[in-house]
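Residue numbers count from 1 along this sequence.
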Amino acid sequence: MAAVPTRHLDTRTPCEDFDVRSLMGHLIGTAHRGLATARRVPTRDIPHVISSVPDAELAPTYATLSTSIREAWCTAGG
């Protein structure tokens with residue numbers, strides 16, 4: 001995500017439902033759901049696409065979630 005220039009966020013993707021920004025939002029939503037699963041929290045209220053993250057925060061948000069998911073699964077497993 002960090003390598004994607006802001007000017008490309010409105011570019012279409014091969015997935016009809018997503019431009020680059022919404023695809024990133026979908027990955028962030030999926031990460032939130034993965035984190036909730038690791039924490040044994042219901043995921044039904046977590047959107048599949050997060051659209052509230054400012055463009056400049058998309059990559060840092062995903063990176064932070066990735067770290068949190070790893071930590072949560074390590075904790076859940078042991």
Visitor: Ignoring hydrogens, what is the shortest heavy-atom contact between Thr43 and Arg33? Give both atom names and the distance.
Guide: O-NH1, 2.9 Å
Visitor: Has Arg12 got more than 12 heavy atoms of other residues, nucleotides or ligands less than 6.0 Å from its CZ?
Guide: yes
Visitor: Contact between Leu58 and Ile28 at the side-chain level, heavy atoms closer than 4.5 Å - yes or no?
Guide: yes
Visitor: By the definition side-chain contact (heavy atoms from CB on, under 4.5 Å), identify the one residue from Val49, Leu9, Asp19 that meets it with Met24.
Guide: Leu9
Visitor: Quick one: which residue pairs count as a salt bridge (Lys or Arg N to Asp or Glu O under 4.0 Å) with a foot in residues 45-73, not counting sequence neighbours?
Guide: Arg21-Asp55
Visitor: Would a single hydrophobic cluster contain both Met1 and Val53, if residues Ile, Leu, Val, Met, Phe, Trp and Tyr are joined by side-chain heavy-atom contacts under 4.5 Å?
Guide: yes
Visitor: May I ask you to test the Leu35-Trp73 pair for a side-chain heavy-atom distance under 4.5 Å?
Guide: no
Visitor: When rounded to the nearest 0.5 angstrom, what is the spacing between CD1 in Ile46 and CZ in Arg44?
Guide: 10.5 Å
Visitor: Write down the atom of Ile69, the atom of Gly34, and the distance for their closest heavy-atom approach.
Guide: CG1-C, 4.5 Å
Visitor: State yes or no: do Ile50 and Leu65 share one hydrophobic cluster built from I, L, V, M, F, W and Y residues joined by side-chain heavy-atom distances below 4.5 Å, directly or via other members?
Guide: yes
Visitor: Under the rule for ring pair (Phe, Tyr, Trp, His ring centres under 6.0 Å), what residues qualify as partners of His26, not counting sequence neighbours?
Guide: Phe18
Visitor: Counting C-beta onward and ignoring hydrogens, is there a side-chain heavy-atom pair between Thr30 and His48 closer than 4.5 Å?
Guide: no
